[in-house]
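First the structure, in the form of structure tokens, and then the observations on it.
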Amino acid sequence: MNIGKSIGLELGQSTRFAFGEELAALGDVFPTLVVVDGDVGNSTRTEVFGKKYPERFFNAGIAESNMVSMAAGLALSGHISVASSFAAFLTCNAYDQIRMGVGFPHANVKLVGSHCGISIGEDGPSQMGIEDLALMSSIPQMVVLAPCDGVSTRALTRKMLEYVGPVYMRTGRPDVPVIYKDGAAALEIGTANRVREGKDATIIACGLMVAIALEAAAELAKRGVECRVLDMHTVKPIDRAAIVAAARETGAIVTAEEHLLDGGLGSAVARVVTEEAPCKMAFVGVRDTYAESGKPEELLAKYGLTTAEVVAAVERAKR
Amino acid sequence: MTTAAGNGHPSSCLSASHIVTALYFGGFLRLDPKAPHAPDRDRFIMSKGHAAPILYAALAEKGVFSTDTLMGLRKIGDPLEGHPNVRRVPGVEASTGSLGQGLSIGLGIALAQKLAKNGARTFVLTGDGELDEGQVWEAAMAASKYKSDNLVAIVDRNHYQQTGPGDHVLPLEPLAAKWQACGWETYEIDGHDWAQVVGALSRACETKGRPTAILARTVKGFGVTRIVEDPGNKFHGVPLKAKEAEEAIQEIERA
Ligand SMILES: Cc1ncc(C[n+]2csc(CCOP(=O)(O)OP(=O)(O)O)c2C)c(N)n1
Ligand SMILES: [Mg+2]
């Protein structure tokens with residue numbers, strides 16, 4: 001992956017690998033932690049935990065509905081339970097089970113969906129989670145996380161297990177650039193993190209798009225436009241104060257997400273902007289379509305998730 | 001209760017009356033009404049959540065909450081919602097109402113009981129129409145894999161679902177063979193015969209190494225002629241009028 005190279009970011013772990021290793025590392029810290037997976041533990045990386053703690057790991061088979069309800073039953077018995085599959089299968093196949101077993105009873109279940117977005121590449125659209133943020137945001141009181149690199153994924157995995165209540169976290173397939181080379185322990189659920197200062201516009205991004213936003217900001221700086229960049233790792237509850245400050249202090253906001261434009265990060269930010277501090281906005285994301293097979297960076301280019309698209313969006317928002 | 005509420009599913013409660021009574025008052029469900037959240041309690045999940053009133057009645061009769069509260073059913077602000085809500089009612093073990101999910105939740109609880117080594121059991125009551133849901137069979141296979149002998153599924157086999165006889169909606173037979181094929185100890189009983197209900201539950205509690213399914217032949221609306229003799233099952237989800245309810249109670253008391 002070449003993303004981030006132009007600004008000197010080093011390639012790090014994928015968010016799914018970081019999650020899997022951290023989960024296993026935290027097994028003794030959280031003795032009530034149990035993990036349920038749907039025959040994809042080698043992909044979601046829950047298998048690392050499963051090998052270390054076989055008695056606390058349940059492979060439910062290719063049966064996501066049952067898997068989620070089982071996780072709910074374990075949580076209703078006092079466990080912190082993690083249920084994991086591909087983002088698409090977990091959130092789409094088991095949506096009603098999430099609603100009834102996790103959201104409605106406010107159960108302490110942590111849903112982790114891997115293979116989010118289109119950067120999964122060759123496996124194609126049936127495997128891509130491009131609607132997960134919208135679906136999970138539509139569960140009342142669900143916390144929705146979309147970390148951008150391996151380091152912050154580890155930090156947020158711990159925060160997610162400490163938090164009591166339902167959480168959804170998406171993780172990605174490819175190795176991604178390191179944003180938090182000095183660590184991410186200070187990250188808090190619900191608080192956006194400023195990864196670049198700027199006064200002329202703000203790019204609010206999550207996941208892989210944070211690296212792309214930083215590249216865009218570097219490009220815009222050459223043209224005399226200084227962008228603030230926010231890592232909005234928590235899509236819900238969204239950091240309203242950070243959005244309002246961005247709108248008032250920089251006057252223009254662009255959002256960037258590896259997700260459909262419907263119901264994801266952009267929609268959540270736009271609602272706050274409209275209610276509290278109207279300003280010009282532009283949106284980068286997947287535009288009302290399914291993607292296709294291809295190499296990750298080919299797909300990102302074809303479906304408009306590039307540095308150039310973010311640069312163009314900032315220019316639109318500043319017009 | 002449903003008559004006072006003006007809506008609800010009395011016929012679905014009546015078919016389950018012996019089963020629920022045997023569980024709560026036949027010595028099977030170890031539940032201290034003063035400590036309904038004790039970690040080592042047995043659990044009962046009303047997976048066919050539309051039969052919530054009989055669950056509420058059993059919990060009240062057991063002393064988990066007062067029988068005076070029962071008439072609050074389905075009223076605004078009242079915890080006794082149309083379908084069970086685990087966050088609002090002590091003794092309710094899972095929020096149900098979307099059919100097909102209770103057995104999976106029960107399996108999760110049964111696995112937790114095994115991890116806790118507390119010897120506790122989980123009983124799940126499902127409808128027969130509810131077995132149309134594929135998730136039930138996902139749970140059946142998974143419970144067998146985990147040798148969940150502390151999990152008991154009881155099927156209220158009343159042969160009716162919402163829009164008519166199950167045989168017309170989606171045939172289930174051979175039903176016992178399906179559970180057996182999934183690795184479950186399986187009993188077919190008369191769900192209105194005390195001895196048979198108690199006997200099957202006793203054997204389920206003794207079974208080792210695999211879960212038990214009890215297919216209880218029941219009659220939708222049991223005890224109330226007006227409902228039982230309704231060929232179209234048009235009483236599904238329909239309460240009796242006040243006078244009909246009075247007659248029904250007299251009929252049940254005479255029996
Ligand atoms: C997933 C889902 N689909 C549909 C319904 C609507 N519904 C409520 S009761 C019922 C019939 C249930 O039949 P059965 O399981 O046989 O229960 P019983 O005969 O004991 O009432 C239906 C379809 C529902 N509650 N959940
Ligand atoms: Mg029925």
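Letters go in sequence order (proteins before strands), and every chain restarts at 1.
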Would you mind checking which part of B:Lys114 comes under 4.5 Å of any heavy atom in chain A, side chain (CB onward), backbone (N, CA, C, O), both or neither? neither

Residue by residue, scan residues 87-112 of chain B and write down, ordered by number, those that have a heavy-atom distance under 4.5 Å to chain A; if none do, write 'none'. B:Arg87, B:Glu93, B:Ala94, B:Ser95, B:Thr96, B:Gly97, B:Ser98, B:Gln101, B:Ser104, B:Ile105, B:Leu107, B:Gly108, B:Ile109, B:Leu111, B:Ala112

Check whether any side-chain N or O of B:Asp149 sits under 3.5 Å from a backbone N or O of B:Gly209 as a donor-acceptor pair, and report yes or no. yes

Is A:Arg240 salt-bridged to A:Glu275, going by a charged N under 4.0 Å from an acidic O? yes

Taking the six-membered ring of A:Tyr53 as reference, does the NZ or CZ atom of A:Arg56 fall below 6.0 Å from its centre and within a 45° cone about the axis? yes

For A:Tyr290, I'd like to know if atom OH has over 12 heavy atoms of other residues, nucleotides or ligands within 6.0 Å. no

Give a yes or no on whether the backbone of B:Leu131 and the side-chain of B:Trp137 come within a donor-acceptor separation of less than 3.5 Å. yes

Output for pair (B:Ser15 OG, B:Asn158 CG), nearest 0.5 Å, gives 4.0 Å

Salt bridge (charged side-chain N to carboxylate O under 4.0 Å, His left out) partners of A:Arg158, counting only residues at least two apart: A:Glu162

What residues of residues 48-63 of chain B sit under 4.5 Å from chain A when only non-hydrogen atoms are counted? none

A:Asp96, A:Asn66, A:Val68: which one forms the most heavy-atom pairs within less than 4.5 Å of chain B? A:Asn66

For chain B, which candidate among A:Val36, A:Val34, A:Ile62, A:Asn59 shows the most heavy-atom pairs at distances under 4.5 Å? A:Asn59

Measure the shortest side-chain to side-chain distance between B:Asp128 and B:Leu215 over non-hydrogen atoms and say whether it is less than 4.5 angstrom. no

For side chain to side chain contact (heavy atoms under 4.5 Å, CB included), just list the numbers for B:Lys220 and B:His236, CA-CA rounded to whole Å, side-chain angles, deciding distance to a tenth of an Å, and then say yes or no. CA-CA 9 Å; B:Lys220 202 152 172 171; B:His236 178 87; 2.8 Å; yes

Parallel under 30°, tilted from 30 to 60°, perpendicular over 60°: which one fits the rings of A:His115 and A:Phe86? parallel

Partners meeting salt bridge (charged side-chain N to carboxylate O under 4.0 Å, His left out) with B:Arg74 (sequence neighbours left out): none

